[in-house]
Amino acid sequence: MSRRLLTSLLKYNYGFSSADRFYSAVAQPDVISKSSASLYQRSSSYQKQITENKILTSHMKNMNKNGEGSKALALFDQKIQRGIIPDQFTLTTVLNVCADMKKLIKGKQIHEELIRTNPLVASDNRLRTSLMHMYGQCGDIQSAEKIFYEIERPTEYDYSILMKSYDLSHMYKKILDLYDEMKAISSSDEICPGAQIYAYIIKACKNLNAEERGRLLHQEILYYKLNTDHYLATLLIDMYSKFHDLKACEVVFQAINPKLHNLYMYSTMMKAYTHNDMPEKTLEMYKQIKRDNLFQLDEVGYLCVLNAYAKIGMLKLANQIYCELPESVLRTPYIQNTLIDLFGKCGDFRRARQIFDNLNKRQSGKVYNTMINVYGINGRGQDALKIFQQMKLNDIKLDFYTYVLILRACQFSKLIQEAKQIFQSMNKQYRSTEIYVIMIDIYSQCGEYDKCELLIQEFEQVFNHPLSKLWYILFASINSNSSLNEEQRKNKLQDILDRNPRLNVENPDRITYRDVKIQLWEHENFVRRLGDSLTLVNNTLHTFVDNDERYPEIYNELTKLEPEIDRTQQCTHSLKLALVYNLLETSQSSDLIQITCYQSDCSQCHEFTKRMSKLKKRNIIIRDIIASTHHFKDGTCSCETKF
């Protein structure tokens, strides 16, 4: 038996080292086995095969590394035709090339030929791992799973390869199921999860929004004392950011020795702050990086900072960060696209258009979408429509985001008919929740409440579930309609409730657009900031809240500016307080006043800002974080009284 197996190992080119290991393990090798091995070892043909395989493997690795995978596969085919018998190292290399190039058919051909000619080699666990990797990279999950379950005792590395395959195919539930399988056998086989395994589990919890599972996983990581692993810490920060738990993000970040913090961790933490509506914290981290000279930001780091500046929306800060960008970063396409977004959100749509026009390549629809959004939020709906038409003329593919942004631009500029035409002409596959939200608001603005009801019913039929936020928009619109008296509003609301008996909305007559915002932005960090206003005064960011009592001088000034209004009747929203603070602290009429707020639906604040722009001869830009930007000058507003 031992003679036949040893001879087979040599015959099928499993390699002399494997044959030698087998030979040494046999207690009493027979003479024929020893003779076969000795003859094969001395064979010049065998030595030539070893040399050729080493050279071929080296060439293929270098070609693949230099982006010449096709040449590597062609070289492999050429050598096979000339009679070389690939060893397991050559086979592993060529399978890796197939994986990197997503050459599934070629990989399958190699696998099938291997099974036909070298069955012993095909059953080698290391080669099976390479095959599993190839199938996973190419998206053939069924074949990857088949190979995995053929392995008698899979290692942690085998588990990680299959998890990686699931991750690439966005099959996150399967990652968690596989991990449960792994834990079930870990007590007997002593497979201890390592950092790579936990990395895939964390990403799965994040993408599945499995918050409870993610927190339990974090406890496991602490138990195994892997919490100081930089990569896992970064993934945990990203996961908790998705769960809107900034406190947990900070705990993970601070658990790592500050001396060991790297650029990737800082970038992820800055991204978490910005994502959770705390861009001021991102700026603090950026200033710390510069002050302490910790490291030079890369494109990803600058992208996090630019997005934070865009949320803050102060033009002066935007100009500063623009001047700080290295030339190599400035030339990056997605940085240029982010700059268009940045200047647009800071109210400088002309500067944004200048960057847009200077781009060498605009084949991607993403940059067009960004420019549409810039015009939309700045109340330039007609300009947004021109970009939209330009996309169609240039055969730029219109996607879901294109329709959301162009309809939102029409919504902000009250281009009702244009919005209706686009909605009617668009492919129904793009009619998402966001599209319905916009269109219901548009129809309700012009009093077409029956049409709103039909759209809501259409949505419930298409998506097979009700959505309370759609009814909230309709009720808020009716409640804010100044052309209806109180009795008419109540009758309208009651008619809707009578026609929709399943509708369960408490106190519909009290629903406001502020309630709508809470419905649209449900996570606690945004809701917590609802009512906040940010402004830059003397190079310092200031945050105001409604009825803020920290600045008594503001209220004294308000009394002077509005002597006809009793103090107890004065509107004291954060936006108004931030504006008065600017007027007190900055005297030059040439200074631009900018305020970014998490609410601007107060008509009193709007009228007060118009009056101050004329009285104090100041240019004022007010940006609502989830709505449009208002430009005030000489007592007028860019919304043209469409507020």
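Ring pair Tyr403/Tyr430: centre-to-centre distance below 6.0 Å. The six-membered or imidazole ring of Phe544 lies away from that of His573, with a centre-to-centre distance of 6.0 Å or more.
Look at Glu434 and Arg408 and you find no salt bridge, because none of the NZ, NE, NH1 or NH2 atoms lies under 4.0 Å from a carboxylate O. The existence of a salt bridge linking Glu607 and Arg611 is excluded, since no basic side-chain nitrogen approaches an acidic carboxylate oxygen closer than 4.0 Å. By the 4.0 Å N-to-carboxylate-O rule, Lys576 lies close enough to Glu562 to be salt-bridged with it. Electrostatic pairing of Lys242 and Asp238 does not count as a salt bridge here, judged by no charged N lying under 4.0 Å from a carboxylate O.
Remark: side-chain polar atoms of Arg618 are paired, donor with acceptor, to backbone N or O of Asp591 under 3.5 angstrom.
Evaluated for a ring-ring contact (aromatic ring centres under 6.0 Å, His included) with Tyr368, the options Tyr375, Phe356, Phe388 yield exactly one hit, Phe356.
Using bins of under 30°, 30° to 60° and over 60° for the plane-to-plane angle, the ring pair Tyr436/Phe459 lands in the perpendicular bin.
Nearest heavy atoms, Met265 versus Thr234: CG-OG1, 3.1 Å. Of all non-hydrogen atoms in Gln445 and Ser477, the two that sit nearest each other are N-OG, 4.1 Å.
Taking the side chain as every heavy atom from C-beta outward, Asp548 and Ser574 never approach each other to under 4.5 Å. Side-chain atoms of Asn378 and Asp383, non-hydrogen and from C-beta on, never get closer than 4.5 Å to each other.
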